[in-house]
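All chains are named by letter (A, B, ...) in the order of the sequence lines, taking the proteins before the strands, and each is independently numbered beginning at 1.
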There are 2 protein chains.
Amino acid sequence: MDDVTAFGALIRQERKAQGLRQDELAAASGVGLRFLVELERGKPTVQFGKALAVLAALGCRVDVVRPGRQPG
Amino acid sequence: MDDVTAFGALIRQERKAQGLRQDELAAASGVGLRFLVELERGKPTVQFGKALAVLAALGCRVDVVRPGRQPG
DNA sequence: CAAAAAATTTCCCGATCGGGACAATAGACC
DNA sequence: GGTCTATTGTCCCGATCGGGAAATTTTTTG
């Protein structure tokens, strides 16, 4: 997980796994449909907070693993 | 790890742990100093891709844990 | 394969805001 | 006071975001 396209792909994958349409997930996340389209496409300039809101709406947790430490 | 302020705090913590100044990390990440200041402060509207670039420059890996799955 | 239905993507528009450089300011520490 | 780091103000071009609908692609169905 290092670039934005990977996030986009994962979000799309998880959205489909949950049987949601783009407009449904967008509404549930509090973002616009166009934003979600761009996020799933891997647009790097999307807003950080909104991207996190989408992940939260999907029930995803984000872990940052620092070099030399255990996940937490 | 659910909101932008948590990311900002973690980034600052890790930057200091690595003995870097803000301008050094900003340069190493390819972002402006102002961006890094805002990121560490938890500004939610910063660009996603740049935030990931900073994490990458710190050597941090980002895992997204999907509900009901193992990390990967 | 064709037609229909569903889902996704693009377009239009402009108010809003990001974030770059640079300099000035504020803390911290000795 | 002197020095180093962090933060903020200003200027300002260019990009983001959104809502709704059209256009396109994908999926379903006969």
Side-chain angles (χ1 to χ4, degrees), chain A residues 1-69 72, chain B residues 1-69 72:
Chain A
M1 190 62 62
D2 45 352
D3 65 341
V4 189
T5 54
F7 271 93
L10 186 147
I11 286 170
R12 162 164 300 188
Q13 210 172 18
E14 182 61 23
R15 171 178 61 80
K16 295 202 169 187
Q18 296 189 19
L20 296 169
R21 292 193 314 268
Q22 290 182 322
D23 60 324
E24 292 174 330
L25 176 56
S29 308
V31 305
L33 169 61
R34 251 196 47 230
F35 176 88
L36 185 61
V37 170
E38 289 171 342
L39 177 62
E40 289 191 352
R41 292 195 61 176
K43 189 176 188 179
T45 55
V46 296
Q47 293 185 3
F48 196 14
K50 293 188 178 179
L52 292 182
V54 172
L55 286 168
L58 284 172
C60 290
R61 189 163 52 86
V62 182
D63 285 342
V64 177
V65 185
R66 296 143 85 187
R69 285 189 180 76
Chain B
M1 189 62 63
D2 45 352
D3 66 340
V4 189
T5 54
F7 271 93
L10 185 148
I11 285 169
R12 163 166 300 187
Q13 212 172 17
E14 181 61 23
R15 171 178 62 81
K16 296 202 169 187
Q18 296 189 19
L20 294 170
R21 292 193 314 268
Q22 289 182 321
D23 62 320
E24 289 176 331
L25 177 56
S29 308
V31 305
L33 169 61
R34 184 177 208 89
F35 175 88
L36 185 62
V37 170
E38 289 170 341
L39 178 62
E40 289 190 353
R41 289 194 68 104
K43 190 175 187 179
T45 56
V46 297
Q47 293 185 6
F48 196 12
K50 291 185 181 181
L52 291 183
V54 172
L55 286 167
L58 284 172
C60 291
R61 190 163 49 87
V62 182
D63 284 341
V64 176
V65 184
R66 296 142 88 186
R69 284 189 181 75

Next on the checklist: Looking at B:Arg15 and B:Leu20, would you say the former's side chain and the latter's main chain have a donor-acceptor pair under 3.5 Å?
Outcome noted: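 Indeed, once roles are kept as given, a pair shorter than 3.5 Å links the two residues.
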Checklist entry - Any sub-3.5 Å donor-acceptor pair from B:Glu38's side-chain atoms to B:Val46's backbone N or O? => result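 Not at all, since once roles are kept as given, no pair shorter than 3.5 Å links the two residues.
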Checklist entry - side chain to side chain contact (heavy atoms under 4.5 Å, CB included) between B:Leu52 and A:Asp3: does it pass, once the steps are laid out? => result CA-CA 7 Å; B:Leu52 291 183; A:Asp3 65 341; 5.6 Å; no
Checklist entry - Would a 4.5 Å heavy-atom cut-off, applied to side chains only, mark B:Arg66 and A:Leu10 as touching? => result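 Yes, at least one pair of side-chain atoms sits under 4.5 Å.
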Checklist entry - In residues 45-55 of chain A, what residues come within less than 4.0 Å of DNA chain D, judged by heavy atoms? => result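 Hits under 4.0 Å, by residue number: A:Thr45, A:Val46, A:Gln47, A:Lys50.
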I'd like a table of atom pairs between the protein and nucleotides 7-13 of chain C - only N or O on both sides, under 3.5 Å - with the distance next to each one.
| residue | atom | partner | partner atom | Å |
| --- | --- | --- | --- | --- |
| C:dT8 | OP1 | A:Arg15 | NH1 | 2.9 |
| C:dT8 | OP1 | A:Arg15 | NH2 | 3.2 |
| C:dT8 | OP2 | A:Gln22 | N | 3.2 |
| C:dT9 | OP1 | A:Arg12 | NH1 | 3.4 |
| C:dT9 | OP1 | A:Arg12 | NH2 | 2.7 |
| C:dT9 | OP2 | A:Arg12 | NH2 | 3.0 |
| C:dT9 | OP2 | A:Gln22 | OE1 | 3.2 |
| C:dT9 | OP2 | A:Gln22 | NE2 | 2.4 |
| C:dT10 | OP1 | A:Arg41 | NH1 | 2.7 |
| C:dT10 | OP2 | A:Arg41 | NH1 | 2.6 |

Whole-Å gap separating [atom2] ([N]) and [atom1] ([X]):
{"X": "B:Leu36", "N": "D:dT8", "atom1": "CG", "atom2": "C1'", "answer": "15 Å"}
{"X": "B:Leu25", "N": "D:dT5", "atom1": "CG", "atom2": "C1'", "answer": "14 Å"}
{"X": "B:Phe35", "N": "C:dC17", "atom1": "CZ", "atom2": "C1'", "answer": "14 Å"}

Between the protein and nucleotides 23-25 of chain D, are there any N/O to N/O pairs under 3.5 Å, and if so, what are the atom names and distances?
none

With rounding to the nearest 0.5 Å, note down the distance linking [atom1] in [X] to [atom2] in [Y].
{"X": "A:Leu39", "Y": "A:Thr45", "atom1": "CG", "atom2": "OG1", "value": "10.5 Å"}
{"X": "B:Arg21", "Y": "B:Leu36", "atom1": "CZ", "atom2": "CG", "value": "12.0 Å"}
{"X": "B:Arg34", "Y": "B:Gln22", "atom1": "CZ", "atom2": "CD", "value": "12.0 Å"}

Checklist entry - Closest heavy-atom contact between A:Gly19 and A:Glu24? => result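 Closest heavy-atom pair between A:Gly19 and A:Glu24: O-OE1, 4.1 Å.
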Checklist entry - Of A:Leu55, A:Val54, A:Leu58, which meets side-chain contact (heavy atoms from CB on, under 4.5 Å) against A:Ser29? => result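 Result: among A:Leu55, A:Val54, A:Leu58, A:Val54 is the only option passing the side-chain contact (heavy atoms from CB on, under 4.5 Å) with A:Ser29.
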Next on the checklist: Quick check on side-chain contact (heavy atoms from CB on, under 4.5 Å): which of A:Leu33, A:Val31, A:Val37 does A:Phe35 satisfy it with?
Outcome noted: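 Passing option: A:Val31.
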